[in-house]
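Since the structure comes first, as structure tokens, the remarks are kept for the end.
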Amino acid sequence: MTDRFFMCAPRHFEVAYVINPWMEGNIAHGNNKKAMRQWNALARAIGKLARIECIPAEAGVPDMVFTANAGLVLENKVVLSRFRHAQRRLEEPYFEKWFAEQGFHVLTLPPDMPFEGAGDALLDRRLPLLWMGYGHRSDFSCAALLSEKLEIEVQTLKLVNSRFYHLDTCFCPLEGGYLMYHPAAFDAASQAQIAARIPAEYRIPVSAADAFEFACNAVNSGRNIFLNHASPALTNELQSRGFIVHQTPLSEFMKAGGAAKCLTLKLTEPRKLASQAAA
């Protein structure tokens, strides 16, 4: 199956408000032409291996470019996001319309239950398991409803650093059951849960220096990993596990707190079976 990724060109992208620490000091300091070049480079790179599907950009919703937050996809179902901040709630009807037109079974959570899609909910690549981050954007209470609606086990992880406000900024499940993550972004109990679920030989801890370059905010398609920047040490580590690392600068989007993963939503998410995990 060819992977499909959902994206939105940054036609109206800018830092127009502050809803995370990365945005502080960056209002009106963006370069839209440069952002478009960087986005196009990422889309072209991923497009060589996968299919890119785009939603038209809309004026007045500059963060719509971060399609990872549109919702959570599993098979033909999508759980739409309920954004915590008012500035991003304006995106919700555009995403709902697009998914409905594409034939997805659209599911929703209560309006008063913040949930920010695949920014905070990531499927394990080996286990029939959904990892869900909470503490900044998505509510802990979402876990039970996600488990019920998607018929999947949910493992919650508490985020403790405001720079890593979404799970996908510091946690990246990879093909083959590997995990690239920044341990310090999580509380001790969550670190213990990760260690209990993922064997040591499959865990790839990421340094603070790499984490702050959003190395964990990566797109994984097969053995290919697309990211903003990775140190030689991390690149070598990933290559030793059989991955091909593609570095594509995304500095304009980092001013708003996002990079490669934030700019994409994987639409091809088959359900993992317990028998596959044991194989």
Side-chain angles (χ1 to χ4, degrees), residues 5-49 52 54 57 61-70 85 87-88 91 116 118-119 136-137 159 161-172 180-182 184-185 206-221 224-238 243-266:
F5 289 93
F6 178 44
M7 298 182 71
C8 178
R11 181 181 175 191
H12 302 290
F13 173 70
E14 61 175 328
V15 181
Y17 44 75
V18 175
I19 59 172
N20 69 57
W22 300 87
M23 290 175 153
E24 294 175 3
N26 283 321
I27 290 179
H29 287 178
N31 182 324
N32 187 265
K33 290 183 178 180
K34 184 176 180 181
M36 186 65 77
R37 289 196 300 270
Q38 292 182 343
W39 185 91
N40 281 330
L42 176 67
R44 281 196 302 270
I46 297 174
K48 291 177 181 178
L49 304 167
I52 303 296
C54 290
V61 280
D63 281 344
M64 193 172 169
V65 68
F66 297 124
T67 51
N69 308 136
H85 295 288
Q87 292 93 330
R88 297 207 65 184
E91 302 170 30
E116 302 209 350
H136 299 298
R137 295 294 189 85
L159 300 166
N161 185 325
S162 61
R163 284 273 174 180
F164 304 110
Y165 60 96
H166 275 152
L167 183 64
D168 70 357
T169 64
C170 53
F171 187 95
C172 184
M180 179 167 58
Y181 74 118
H182 180 49
V206 170
S207 69
D210 274 320
F212 278 91
E213 290 284 352
F214 272 3
C216 295
N217 195 245
V219 175
N220 178 209
S221 182
N224 294 275
I225 298 174
F226 302 86
L227 45 72
N228 171 63
H229 177 75
S231 67
L234 178 57
T235 300
N236 290 338
E237 178 69 20
L238 291 168
F243 292 101
I244 302 167
V245 180
H246 307 265
Q247 299 189 52
T248 177
L250 296 165
S251 58
E252 286 303 305
F253 300 100
M254 289 184 66
K255 293 175 181 177
K261 169 62 174 57
C262 290
L263 292 166
T264 65
L265 176 65
K266 192 174 182 182

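Residues Glu91 and Asp63 are in side-chain contact: their nearest non-hydrogen atoms beyond the backbone lie under 4.5 Å apart. Using a 4.5 Å heavy-atom threshold, the side chains of Gln247 and Leu227 count as touching. Looking at heavy atoms from C-beta onward, Glu213 lies out of side-chain contact with Ser231 at the 4.5 angstrom threshold. Within the 4.5 Å cutoff, no side-chain heavy atoms of Phe171 are placed close to those of Leu159.
Judged by distance alone, the side chain of Asn20 and the main-chain N or O of Ser162 form no donor-acceptor pair under 3.5 Å. Between the Trp22 side chain and the Phe253 main chain, no donor and acceptor come within less than 3.5 Å of each other. Not a single donor-acceptor pair under 3.5 Å links the side chain of Asn161 to the backbone N or O of Tyr165.
Going from atom CG of Asn228 over to atom SG of Cys216 covers 12.0 Å, rounded to the nearest 0.5 Å. To the nearest 0.5 Å, atom CG of residue Asn217 and atom OG1 of residue Thr169 are 6.5 Å apart. The distance from atom SG of Cys170 to atom NE2 of His182, rounded to the nearest 0.5 Å, is 8.0 Å. In this structure, CD in Glu14 is found 12.5 Å from CG in Asn31, a value given to the nearest 0.5 Å. Of the inter-residue distances, the one linking Glu24 atom CD with Ile19 atom CD1 reads 11.5 Å to the nearest 0.5 angstrom. Once rounded to the nearest 0.5 Å, the distance linking CE of Met64 with CG of Asn69 reads 12.0 Å.
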Margin query: Go through it in stages, so that I can follow the logic: the residues are Met36 and Asn40, the test is side chain to side chain contact (heavy atoms under 4.5 Å, CB included), and I'd like the CA-CA distance, side-chain angles, deciding distance and then a yes or no.
Written below: CA-CA 6 Å; Met36 186 65 77; Asn40 281 330; 3.6 Å; yes
Next item on the list: For side chain to side chain contact (heavy atoms under 4.5 Å, CB included), just list the numbers for Asn224 and His246, CA-CA rounded to whole Å, side-chain angles, deciding distance to a tenth of an Å, and then say yes or no.
Entry: CA-CA 7 Å; Asn224 294 275; His246 307 265; 2.8 Å; yes
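The side chain to side chain contact (heavy atoms under 4.5 Å, CB included) search around Ala45 returns Phe226, not counting sequence neighbours. With sequence neighbours left out, the side chain to side chain contact (heavy atoms under 4.5 Å, CB included) criterion links Ala70 to Phe6, Phe95, Phe99, Leu265.
For residues 253-263, every residue pair satisfying the salt bridge (charged side-chain N to carboxylate O under 4.0 Å, His left out) rule, not counting sequence neighbours, is listed here: Asp168-Lys261, Glu252-Lys255.
Applying the 6.0 Å contact sphere to CZ of Arg163 captures more than 12 heavy atoms from other residues, nucleotides or ligands.
The aromatic rings of Phe164 and Phe214 sit tilted relative to each other, their planes meeting at an angle between 30° and 60°.
Closest approach of Leu234 and Ala215 over heavy atoms only: CD2-CB, 3.7 Å. Nearest heavy atoms, Ala9 versus Val65: C-CG2, 4.4 Å.
The only option from His136, Arg88, His85, His166 that meets the side-chain hydrogen bond (donor to acceptor under 3.5 Å, both in side chains) definition with Glu116 turns out to be His166.
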